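First comes the structure, then the notes that go with it.
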There are 2 protein chains.
Amino acid sequence: MNKKTYHHGDLRNSLVDTAITLLDRDGIAGLSLRAVAKAAGVSHSAPYRHFRDKTALLEAVAQKGYKNLHDSNLHAVAEHPDDPVQQLYHAGRSYLFLVVNQPEVAKLMFSGVLRPEDWGQALQQTAQASIGALMGIIENGKNASIFADKPIEDLTLTALSTVHGLSMALAAGHFSDKVTSEADIEQLGMRVYETLLSGLLKR
Amino acid sequence: MNKKTYHHGDLRNSLVDTAITLLDRDGIAGLSLRAVAKAAGVSHSAPYRHFRDKTALLEAVAQKGYKNLHDSNLHAVAEHPDDPVQQLYHAGRSYLFLVVNQPEVAKLMFSGVLRPEDWGQALQQTAQASIGALMGIIENGKNASIFADKPIEDLTLTALSTVHGLSMALAAGHFSDKVTSEADIEQLGMRVYETLLSGLLKR
DNA sequence: ACCTGAACACCGTTCAAGT
DNA sequence: ACCTGAACACCGTTCAAGT
């Protein structure tokens, strides 16, 4: 909480939080480990007591993001019991806003700057859990005969790709001309979700 | 072609090509301008005669990627006249394989490491053109009464998000457990495309 | 156990100087 | 007009030394 904590006790967490702040201000390209250390009030070599290298710190940031995402997914399910369509919408909505609110963290999580095959076990598990939650939602929908009669994998992959693609495109700033406010994003999300549900082809 | 060309004449293009090679070998994080210069056979300050800074070189790489993408889109349309469903499939397929074959270039194009609001005019135009081609395909489909009776923007955005999301997730290595061969990717693309066309909900 | 400061090899960028 | 090489301020990482 206060400066005393930084110098003994919780430097690890402090470094992660500082990294997130600097990341969302300067972007992934502008983030240096030395700057994080300085902002956290320690020497440039102090972080090496807590993280193997710069990548390990970035992985810790990504993991925090995945944990938030997973919590949101669980929340979406709990808030709308027995309504897979609403569950999926709110899970997607959380995803969208997480990505839009912390685009640099999102890039770290999804853009492969950190290569998934090199991820530590903790990160891999947390990431897998959030995908698992989405799959659970769709499974519910299939069991309730709401979703199409296709392999769960196909439905999940398509839903995931759409949400992911829309979010990343927004986070990367590709629609910054069309979208500015949070209300815009909400609207965009709803329209895309509806199109995803009913399909591109005439019904 | 040969070393003589490097030292006078076409250093600019040579640097772009060298950058692409090193990029796909070392990743965006491992690429240094000095290494590109060295690999191209010039001093580390020579690139500055042709590019304002490192970002400008990376933009040139991204632009080449967008041009390839746009060419693929045009090709997809030309090869399947009067068949928007096939046009869209092949456009998506090209997108998918471009991203999978040159994942690092793709990240440069789409992941927002270069922020679109800072892009030079040439890059912005080339990028816009490839989206325009996709929109044209869907417009064709609407006119032919094949696609759903929704705003073109909704259909385009949904299709684009799905293709983009699937491609980026693959490029980032998020499905490297499920997918290995090119045939796998082709299959995956077909299944997702079919789900996108018909929607998640029962018909 | 945790942190510091010097050191090393690297980087992006600039600029006087060479051809 | 195009390229070089020294120079500067920065970076990630290591390691002996301090508390």
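What's counted below: heavy atoms across the whole structure, side chains too, no hydrogens, waters or symmetry copies. If you're wondering where the values come from, they're calculated on a predicted model, not measured in any experiment. Labels below follow one simple rule: chain letters A, B, ... track the order of the sequence lines, proteins then strands, and each chain is numbered from 1.
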Original post:
Side chain of B:His44: nearest nucleotide among D:dA7, C:dC3, D:dT13?
Top reply: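 Nucleotide nearest to B:His44's side chain: D:dA7.
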**OP:** Identify which nucleotide among D:dT4, C:dT4, C:dT13 has an atom closest to any side-chain atom of B:Tyr48, counting heavy atoms from C-beta outward.
**Re:** C:dT13
Separation of atom [atom1] in [X] from atom [atom2] in [N], rounded to whole Å:
X: B:Phe51; N: C:dT14; atom1: CZ; atom2: P; answer: 16 Å
X: B:Lys38; N: D:dC3; atom1: NZ; atom2: C1'; answer: 17 Å
X: B:Asn13; N: D:dC2; atom1: CG; atom2: P; answer: 14 Å
X: B:Lys54; N: D:dC10; atom1: NZ; atom2: P; answer: 17 Å
X: A:Leu57; N: D:dT13; atom1: CG; atom2: C1'; answer: 14 Å
X: B:Leu33; N: D:dC10; atom1: CG; atom2: P; answer: 19 Å
X: B:His50; N: C:dT14; atom1: NE2; atom2: C1'; answer: 17 Å

Subject >> side-chain contact (heavy atoms from CB on, under 4.5 Å) evaluation trace for A:Leu88 with A:Tyr193 >> reply: CA-CA 9 Å; A:Leu88 189 56; A:Tyr193 185 48; 3.2 Å; yes
Subject >> Complement of C:dC2, any strand, by Watson-Crick or G-U distances under 3.5 angstrom >> reply: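 Base-paired to D:dG18.
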Subject >> Any-strand Watson-Crick or G-U partner of C:dT13, both distances under 3.5 Å >> reply: D:dA7
Original post:
Do A:Thr180 and A:Asp184 have side-chain N/O donor and acceptor atoms under 3.5 Å apart?
Top reply: yes
**OP:** State, without any angle test, whether B:Asp10 and B:Asn13 hold a side-chain donor-acceptor pair at a distance under 3.5 Å.
**Re:** yes
Original post:
What is the ring orientation for A:Phe110 with A:Tyr95, classed by angle as parallel under 30°, tilted 30 to 60°, or perpendicular over 60°?
Top reply: parallel
Original post:
Does A:Arg49 or A:Ala35 map to a spot on DNA chain D nearer the 5' end, using the closest nucleotide for each?
Top reply: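 Looking at DNA chain D, the more 5' nearest nucleotide goes with A:Ala35.
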**OP:** Inspect the surroundings of CG in A:Asp82 and state if more than 12 heavy atoms from other residues, nucleotides or ligands are less than 6.0 Å away.
**Re:**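 No, CG of A:Asp82 has 12 or fewer neighbouring heavy atoms, counting only those of other groups under 6.0 Å.
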Original post:
If you take atom types as modelled and just measure distance, does the side chain of A:Ser45 reach the base of C:dG5 with a donor-acceptor pair under 3.5 Å?
Top reply: yes
Original post:
Per the atom types in the model, does the base of C:dT13 pair as donor or acceptor with the side chain of B:Arg34 at under 3.5 Å?
Top reply: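 Checked by distance alone, the answer is yes.
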Original post:
Just to confirm, is there a sub-4.0 Å distance from OP1 or OP2 of C:dC11 to any side-chain nitrogen or oxygen of B:Ser32?
Top reply: yes
